[in-house]
Amino acid sequence: MKGKVEVIELVPPGVLTALTPGQETRPGYMPLDAFSNETMALLHQKPIPAEVMVERVRPLRLAEAEGRLGQMVTMLHDASRKAAWQNRSLRCRKLRSC
């Protein structure tokens, strides 16, 4: 099998899917069709890159190398808290109580 297998790393962003409850409406996540289309376009490049990264994930993937990791972690934390609050508020409106 030597020389017959090629490993290509796929670096996905948060993607809107129904696989995890609440993930299909998460603000800031990439629509599944857009992610799939961009990924397939990258896989059709010649030569195929060893690491396939859609544009949306680049800032996160490169944050450490560019000295922005702390800033990126803070931004992700804040976005996560905001999304959790929005989901809670939506549930409360549906139930009409909290």
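Worth knowing before you read on, the calculation uses all heavy atoms, side chains too, and leaves out hydrogens, waters and symmetry mates. In this chain, numbering begins with 1 at the start of the sequence shown.
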Asks: Please report the shortest heavy-atom distance between Ala18 and Glu24, naming the atom on each side.
Replies: CA-OE1, 3.8 Å
Asks: Which heavy atom of Gly28 sits nearest a heavy atom of Arg56, and at what distance?
Replies: O-NH1, 3.3 Å
Asks: Distance from Ile8 atom CD1 to Thr39 atom OG1, nearest 0.5 Å?
Replies: 11.5 Å
Asks: Is there a continuous path of hydrophobic side-chain contacts, each under 4.5 Å between heavy atoms, that joins Val57 to Phe35?
Replies: yes
Asks: Measure the CG-OG1 distance between Leu69 and Thr74 for me, rounded to the nearest 0.5 Å.
Replies: 9.0 Å
Asks: Is Pro59 close to Met75 at the side-chain level, that is, under 4.5 Å between some pair of heavy atoms?
Replies: no
Asks: To the nearest 0.5 angstrom, please state how far the CG atom of Leu16 sits from the CD atom of Gln23.
Replies: 7.5 Å
Asks: Answer yes or no: are there more than 12 heavy-atom neighbours, outside Glu64 itself, under 6.0 Å from its atom CD?
Replies: no
Asks: In Å, rounded to the nearest 0.5 Å, how long is the span from CG of Asp78 to CZ of Arg81?
Replies: 8.0 Å
Asks: Is there a path of hydrophobic side-chain contacts, each under 4.5 Å between heavy atoms of I/L/V/M/F/W/Y residues, joining Leu60 to Tyr29?
Replies: no
Asks: Identify each donor-acceptor pair in which a side-chain atom of residues 43-54 lies under 3.5 Å from a protein atom, sequence neighbours left out, and give them as a table.
Replies:
{"from": "His44", "atom 1": "ND1", "to": "Met40", "atom 2": "O", "distance (Å)": "2.7"}
{"from": "Glu51", "atom 1": "OE2", "to": "Arg61", "atom 2": "NE", "distance (Å)": "3.2"}
{"from": "Glu51", "atom 1": "OE2", "to": "Arg61", "atom 2": "NH2", "distance (Å)": "2.6"}

Asks: For Glu66, check side-chain contact (heavy atoms from CB on, under 4.5 Å) against everything at least two apart and list the hits.
Replies: Leu62, Arg68
Asks: Tell me whether Val11 is reachable from Met30 by hopping between hydrophobic residues (I, L, V, M, F, W, Y) whose side-chain heavy atoms are closer than 4.5 Å.
Replies: yes
Asks: What pairs with Glu6 under salt bridge (charged side-chain N to carboxylate O under 4.0 Å, His left out), at least two apart in sequence or on another chain?
Replies: none
